[in-house]
Number of protein chains: 2
Amino acid sequence: MGIPDRPKRTSARRPVSIQDIAEAAGVSHSTVSRALHNSDLIRPEVRLRVQQLAQKMGYIPNAVAQSLKGQRTHTVGLVISSIADPFAGRVVRGIEEIAQANRISLLLSVSYNDPERELEIIETFQRRRVDGVISATAQMRGAYVQRLTQIKMPTVMINQQADSEADRLLSVDADDYAGARLAVEHLLSLGHRRIGYLGVGNRWQSNRRRFAGYCDTLSGAGVAVNAQWVRVAPILNNPRSDDVVDGQALLPALLGSDVTAVFCYNDLIAVGALMACRELGIVVPEQMSVVGYDDVDIARYVTPSLTTVHQPKLRLGELAMQMLLDLLEGQAVHNTSLANELVVRASTGPPPL
Amino acid sequence: MGIPDRPKRTSARRPVSIQDIAEAAGVSHSTVSRALHNSDLIRPEVRLRVQQLAQKMGYIPNAVAQSLKGQRTHTVGLVISSIADPFAGRVVRGIEEIAQANRISLLLSVSYNDPERELEIIETFQRRRVDGVISATAQMRGAYVQRLTQIKMPTVMINQQADSEADRLLSVDADDYAGARLAVEHLLSLGHRRIGYLGVGNRWQSNRRRFAGYCDTLSGAGVAVNAQWVRVAPILNNPRSDDVVDGQALLPALLGSDVTAVFCYNDLIAVGALMACRELGIVVPEQMSVVGYDDVDIARYVTPSLTTVHQPKLRLGELAMQMLLDLLEGQAVHNTSLANELVVRASTGPPPL
DNA sequence: CACCGCTTTGCACACGTGTGCACCATCGTG
DNA sequence: CACGATGGTGCACACGTGTGCAAAGCGGTG
């Protein structure tokens with residue numbers, strides 16, 4: 001009488017499982033599982049034999065099954081606004097290094113600052129049961145934050161310093177307000193009084209903080225901010241905008257006023273400003289000083305090289321990932337704020353006479 | 001007599017499962033599963049009731065369990081050499097857009113051209129049972145390729161055009177050899193005869209192809225290549241090298257020879273060359289023409305703006321991802337090769353008299 | 001009324017791994 | 001020899017989902 005011969009998994013050429021090893025070794029799958037984990041419940045000779053057999057059969061544990069059983073995926077979801085942004089690139093590198101060192105895999109998602117996409121991404125992370133989320137999006141909308149806190153998913157934000165009550169969510173950041181002050185103080189110390197600001201409209205939270213630092217520093221020095229000195233790139237329907245193009249388009253609008261220096265939201269805006277100056281025959285820094293923000297690689301390579309506020313991007317990423325790991329281990333973690341540094345290069349100088 | 005009350009999963013605040021919904025609706029979990037998939041096996045009113053209940057209870061399917069059961073993770077592993085590389089950034093963007101549109105998640109890994117890390121990454125992908133792999137590493141070592149083909153994991157390479165037999169592995173690429181010819185032909189047409197080459201040592205395969213294009217084009221024009229014209233950055237122990245620094249360090253070595261133009265392995269090397277020229281007081285392009293490769297964003301922003309060979313980076317990524325999707329659906333796919341285009345900007349001109 | 005066919009549901013297993021508990025063999029000791 | 005202690009192994013279940021098959025309910029027809 002025929003034993004109902006089991007499917008004989010060799011058909012679909014599946015990867016070997018502990019069950020396969022168990023049959024080959026003449027033991028149960030439990031024994032194999034324990035042996036592979038070096039459990040001292042298993043007799044040393046059996047343990048060794050199973051391990052060698054697993055090696056020979058090319059066994060590779062199925063992380064999916066382990067995740068299901070262990071309720072831990074060892075996966076972290078990563079949301080960024082844009083891949084093209086060199087700022088994000090450095091931050092991701094820091095995150096990735098710490099993650100890899102701790103055998104954590106990263107699920108990469110790009111939001112393009114699109115609210116609908118942000119919600120989709122969160123749901124995907126929920127479906128995949130990531131252990132936690134790191135969000136390095138420039139923009140944080142209400143629905144996004146609300147959803148994230150509501151579902152109680154361990155989350156660390158990068159550069160999302162909250163204004164007031166939202167300190168419920170953890171974050172690592174470099175102080176935008178203080179950074180902006182550094183930049184403007186530098187220009188003031190060079191003798192500039194009439195200083196412009198070129199901002200962005202689609203990242204209004206960090207833009208607002210940097211703008212506030214700009215305003216307060218000027219006011220503190222007894223300079224009344226002139227509305228003519230401030231220009232902000234409009235929010236396009238197209239969420240994929242180009243900061244350099246925006247900076248280039250924005251700068252000429254300042255010429256009507258009499259600014260001798262301009263502080264830009266970030267380095268890309270500043271690069272656009274530099275290009276506009278070149279086109280208009282304005283010599284930097286002799287006729288106009290330009291300051292950027294972030295200190296991305298490109299700031300060193302343009303001509304003149306860009307004076308800018310250096311953000312510790314790598315460190316931000318590393319700290320965020322480490323904080324998330326601590327959080328997952330149940331340790332107490334506290335928000336961290338890093339200091340920015342002013343980097344003086346060739347795009348700033350004394351104002352023209 | 002007490003029914004051995006089941007664990008009552010409400011304790012550990014796990015996400016709701018179809019089992020929870022089943023109990024709440026008074027049906028079996030099978031019915032719930034089918035209802036949520038809109039199976040017409042389930043009576044319409046039951047189907048609707050279950051769906052509404054799932055909605056209300058905030059059910060989010062467990063992709064881990066689905067992957068285990070369905071033997072498909074809807075996940076693709078992505079290997080790149082470096083996050084900092086702006087070339088990789090654009091390619092990843094193309095990949096990510098197609099992936100997101102097809103509800104595929106990306107597992108990001110950075111290899112830093114470290115052989116050991118590359119093998120670790122592959123094993124991680126195997127453990128996690130990714131459906132396929134896209135490899136955009138600049139460097140492809142034997143062990144890496146061998147391992148990848150050996151385990152028969154669906155894989156698409158980017159810019160890894162094989163020399164001879166290795167056409168077993170699928171790839172999408174833009175022809176390095178032809179691109180280099182474009183660049184050198186441009187310089188020849190401007191009147192240059194003595195043309196240098198600045199290369200890299202740690203990406204020898206693409207470097208070799210571009211160098212071959214350089215050599216053949218010169219030879220074809222009757223110019224004998226002079227060994228003094230060629231410099232290649234040494235391979236450092238530190239796998240995190242900086243192309244700009246290398247280019248900057250390499251250019252002065254060419255001054256002993258009498259080159260009037262230099263073709264660089266990529267834009268970053270070229271930017272380094274531009275910076276070296278500035279330091280040495282060499283005016284570009286009047287005294288020296290410089291050509292880059294890749295056409296990354298920065299090429300437009302440096303001064304003078306860089307003449308370069310444009311690679312369709314976004315398209316490379318999109319095609320690679322689409323090819324992998326087709327492959328996973330069992331469709332026949334064929335290797336694709338895209339054309340590069342020369343972009344003439346301000347860093348090239350006629351040779352000095 | 002008996003039988004057939006259709007619709008709707010549940011049972012049971014599978015995916016691959018980890019682990020509490022029971023069981024068995026062996027050994028030591030009174 | 002009997003009994004308890006100890007060490008090694010397997011059974012059975014759990015994780016959450018999907019699905020083939022059986023079964024139940026029900027209406028129609030000869």
Side-chain angles (χ1 to χ4, degrees), chain A residues 4-50 54 57-74 126-129 131, chain B residues 4 6-9 11-50 54 57-74 126-129 131:
Chain A
D5 58 348
R6 47 198 154 176
K8 266 304 181 209
R9 74 184 60 242
T10 53
S11 56
R13 192 63 87 257
R14 261 200 258 277
V16 298
S17 69
I18 57 172
Q19 180 61 35
D20 298 328
I21 302 175
E23 288 172 11
V27 296
S28 78
H29 83 276
S30 320
T31 301
V32 175
S33 174
R34 285 192 255 257
L36 293 179
H37 284 73
N38 270 325
S39 162
D40 31 357
L41 283 178
I42 304 301
R43 193 153 31 105
E45 51 261 36
V46 177
R47 207 190 310 168
L48 186 61
R49 187 161 57 92
V50 168
M57 295 173 70
Y59 171 71
I60 290 183
N62 184 332
V64 177
Q66 290 176 322
S67 295
L68 180 58
K69 175 62 184 171
Q71 303 287 71
R72 270 267 189 137
T73 56
H74 298 279
Q126 284 187 272
R127 279 210 326 277
R128 306 202 94 106
R129 301 294 195 263
D131 293 338
Chain B
R6 46 199 153 175
K8 267 300 181 212
R9 74 182 62 243
S11 56
R13 192 62 89 258
R14 261 199 259 277
V16 298
S17 68
I18 56 173
Q19 180 61 36
D20 298 329
I21 302 175
E23 289 172 9
V27 296
S28 77
H29 83 276
S30 322
T31 301
V32 176
S33 174
R34 286 192 254 257
L36 293 179
H37 284 72
N38 269 326
S39 162
D40 29 359
L41 283 177
I42 305 300
R43 193 153 33 104
E45 50 262 36
V46 177
R47 207 191 308 169
L48 185 62
R49 188 163 55 92
V50 168
M57 295 174 69
Y59 171 70
I60 290 183
N62 184 331
V64 177
Q66 290 176 321
S67 295
L68 180 59
K69 175 64 184 169
Q71 304 286 69
R72 270 267 191 136
T73 55
H74 299 279
Q126 284 188 273
R127 279 211 326 276
R128 304 200 97 103
R129 301 295 195 263
D131 294 338

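Quick note on labels: first sequence line is chain A, next is B, and so on, each numbered from 1.
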ask   = For the helix from C/dC1-D/dG30 to C/dG30-D/dC1, how many degrees between its two end axes (five pairs per end), to the nearest 10°?
value = 80°
Separation of C/dG10 C1' from B/R43 CZ (nearest whole Å) = 14 Å
task = Provide the full list of side chain to side chain donor-acceptor pair (under 3.5 Å) pairs with a residue in residues 63-74 of chain A, sequence neighbours left out, each pair given once.
result = A/T73-A/D131
Side chains of A/P15 and B/Q126 in contact at under 4.5 Å (non-hydrogen atoms) = no
query = To the nearest Å, how far apart are B/R128 CZ and C/dG16 P?
reply = 17 Å
task = Apply side-chain contact (heavy atoms from CB on, under 4.5 Å) to A/D40 and list each qualifying residue two or more places apart in sequence or on a separate chain.
result = A/R47
note = So the side chain to side chain donor-acceptor pair (under 3.5 Å) pairs with at least one residue in residues 24-35 of chain B (sequence neighbours excluded) are B/S28-B/T31
query = Within this structure, what is the CZ-to-P distance between B/R47 and C/dT7, rounded to whole angstrom?
reply = 13 Å
inquiry  = D/dG16, OP1 or OP2 - any side-chain N/O from A/Q71 closer than 4.0 Å?
reply    = yes
ask   = Where do A/I42 and A/A35 come nearest, in terms of heavy atoms and distance?
value = CG1-N, 4.0 Å
Distance-minimising heavy-atom pair for A/L36 and A/A54 = CD2-CB, 3.9 Å
request  = From the options C/dT9, C/dG16, D/dG8, select the nucleotide whose nearest atom is closest to the side chain of A/N62.
outcome  = C/dG16
task = Return the set of residues passing side chain to side chain donor-acceptor pair (under 3.5 Å) with B/R49 (not counting sequence neighbours), or none when no residue passes.
result = none
note = Nearest heavy-atom approach of B/I60 to A/R127 is CG2-CG, 3.4 Å
message = Rounding to an integer number of Å, can you tell me how far B/I42 CD1 sits from D/dA24 P?
response = 18 Å
task = Take the protein atom NE2 of B/H74 and the nucleotide atom P of D/dT17, then report the distance between them rounded to whole Å.
result = 15 Å
request  = Nearest whole angstrom, please: distance from the C1' of C/dC15 to the CG of A/L68.
outcome  = 9 Å
note = B/S/- along nucleotides 18-25 of chain C (protein heavy atoms under 4.0 Å) is BBB-----
ask   = Would a 4.5 Å heavy-atom cut-off, applied to side chains only, mark B/Y59 and B/V32 as touching?
value = no
key: Contact under 4.0 Å: A/R129 side-chain N or O vs D/dG16 OP1/OP2   = no
request  = Just call it for A/V64: base, sugar-phosphate, or nothing, with non-hydrogen atoms closer than 4.0 Å on any strand.
outcome  = nothing
ask   = Between A/S28 and D/dG10, does any side-chain N or O lie under 4.0 Å from OP1 or OP2?
value = yes
